[in-house]
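Values reported hereafter were calculated over all heavy atoms of this structure, with side chains retained and with hydrogens, waters and symmetry mates removed. Just follow the structure's listing: the first ligand is 1, and inside any ligand the first atom is 1. Sequence positions, counted from 1, serve as the residue numbers for this chain.
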Amino acid sequence: MNIRPRRNRKNAAIRDMVQESRLGIENLIFPVFLKDGNNVKEEIPSLPNIYRWSIDLLLKEIESCMELGIRTYDIFPAVEDHLKDQSATMSYDPENFYLKAIRKIKETFPDLVLMSDVALDPYSSDGHDGLVRDGKIVNDETLPILAKMSIAQAQAGIDIIGPSDMMDGRVGVIRSALDDAGYTDTSIMSYTAKYASAFYGPFRDALNSAPKSGDKKTYQMNPSNKAEALIEAQLDIEEGADMVMVKPALCYLDVIHLLKENFATPVTAYNVSGEYAMVHAAAEKGWIDYDAAMNEMLLSIKRAGADGILTYFAKDFAQSIAE
Ligand code: PBG
């Protein structure tokens, strides 16, 4: 044998030298859940070690995460049921606790990058990402609400708008609404290839946002489809997306790779709640090693081609590096 691949694996120094993919804290975005009120730190049983925070405690949590090197956060609101309505009116009320929290976080940490979620579901009494009319999720009537929501978030100081709703044409509508309102520097990270997945369960527990009827299959993508992700990506990029996201990450590494190979626009991936919860559940039973599984999972997403990764592991990963 004149070629023996094992020679490049014979010790840690050589393995590290030829390592192809590397993951740093700078690649990670930490999703956080916000609840109205004071002094609230509420457990989410299906998302161990992740909490619903009130803004006062969230600021402290962010401060400790910033010390660990996490610079980018995605914030989601847990809204009380009685404040929800069919057209998600609360989502663009400038006095709502979510927009006030965005202002406060950006005031307190001007250097941090803050991303939002744009979709109706956290504020909708129907629990769908778009408007429901006669049992159907209507596309074009949803768009102006998404635009209002985006402008309100930009006004509050958000850095990156994250449309997660999968309505057709929304990136273009949001981009021109932002530009018309003078927010030309506000970025859009579009949930481009977002699949109708079984792995969102714990997130819907966190926000109590599961659909009241039906499923999300008329707007989220069919897990069997890959070519369709190219159509979605091309549209989002033409409409003005600064980054395109694939979600979930693990079952869709091929899709991440496909977008990375076909477009110059940065690609991100959402390592979703169910993917995080699975690792916790198996580690609790002693069936896998938590840190090793986390590292392998995150690295595989990077290797597939993701520049940025939204992950509930962000703090654990940062802590594991700091140790
Ligand atoms: C809502 C939204 C969802 C997630 C992010 N934004 C859930 C859904 O589409 O039902 C899921 C994130 C996760 O599971 O971690 N538009």
Distance-only polar pair, side chains of Asp205 and Ser46, donor-acceptor under 3.5 Å = yes

ask   = Identify the closest protein heavy atom to atom 1 (C) of ligand 1: which residue and atom is it, and at what distance?
value = Asp121 OD2, 2.8 Å

request  = May I ask you to identify, for Val272, whether its side chain, its backbone, both or neither come under 4.0 Å of ligand 1 on a heavy-atom basis?
outcome  = both

Any Tyr276 heavy atom less than 4.0 Å to ligand 1 = no

message = We want to know whether Ser116 and Gln153 form a side-chain donor-acceptor pair, criterion being a heavy-atom distance below 3.5 angstrom.
response = yes

ask   = What's the spacing between Tyr195 OH and Met166 CE if we round to 0.5 Å?
value = 8.5 Å

ask   = Using 4.0 Å as the upper bound for N to carboxylate O, is an ion pair formed by Lys260 and Asp307?
value = yes

request  = Say whether, by atom type as modelled, one donor and one acceptor occur between the side chain of Ser197 and the main chain of Tyr200 under 3.5 angstrom.
outcome  = no

query = Is it the case that Asp117 and Ser164 place a side-chain donor and acceptor less than 3.5 Å from each other?
reply = yes

Numbered atoms of ligand 1 (with element) below 4.0 Å of Gln220, judged on heavy atoms = 8 (C), 9 (O)

key: Contact atoms of ligand 1, heavy-atom distance to Lys247 under 4.0 Å   = 2 (C), 3 (C), 4 (C), 5 (C), 6 (N), 11 (C), 12 (C)

ask   = Any side-chain heavy-atom pair from Ile62 and Phe30 closer than 4.5 angstrom?
value = no

remark   = Between the CE atom in Met115 and the OG atom in Ser187, the distance rounded to the nearest 0.5 Å is 10.0 Å

inquiry  = Quick check on contacts: which atoms of ligand 1 are under 4.0 angstrom from a heavy atom of Ala119?
reply    = 16 (N)

key: Numbered atoms of ligand 1 (with element) below 4.0 Å of Lys216, judged on heavy atoms   = 8 (C), 9 (O), 10 (O)

query = Going by an N to O cut-off under 4.0 Å, is there a salt bridge joining Glu61 and Lys315?
reply = yes

note = When distances are taken from atom 16 (N) of ligand 1, the protein heavy atom at minimum range is Ser164 OG, 2.8 Å

task = Compute the shortest N/O to N/O distance between Asp165 and ligand 1 and return yes if it is under 3.5 Å, no if not.
result = no

query = Which atoms of ligand 1 have any heavy atom of Lys194 under 4.0 Å away?
reply = 1 (C), 2 (C), 3 (C), 6 (N), 8 (C), 9 (O), 16 (N)

request  = May I ask you to list the atoms of ligand 1 that are less than 4.0 angstrom from any heavy atom of Arg204?
outcome  = 8 (C), 10 (O)

ask   = If you count the atoms of ligand 1 from 1 in the order shown, which ones are under 4.0 Å from a heavy atom of Ser273?
value = 13 (C), 14 (O), 15 (O)

query = For atom 12 (C) of ligand 1, which candidate among Tyr195, Tyr219, Phe203 provides the closest heavy atom?
reply = Phe203

key: Student check: side-chain heavy atoms of Leu258 and Lys226 closer than 4.5 Å   = yes

task = Looking only at protein heavy atoms, identify the closest one to atom 15 (O) of ligand 1 and say how far it is in Å.
result = Tyr312 OH, 2.6 Å

Numbered atoms and elements of ligand 1 in range of Tyr270, under 4.0 angstrom, heavy atoms = 12 (C), 15 (O)

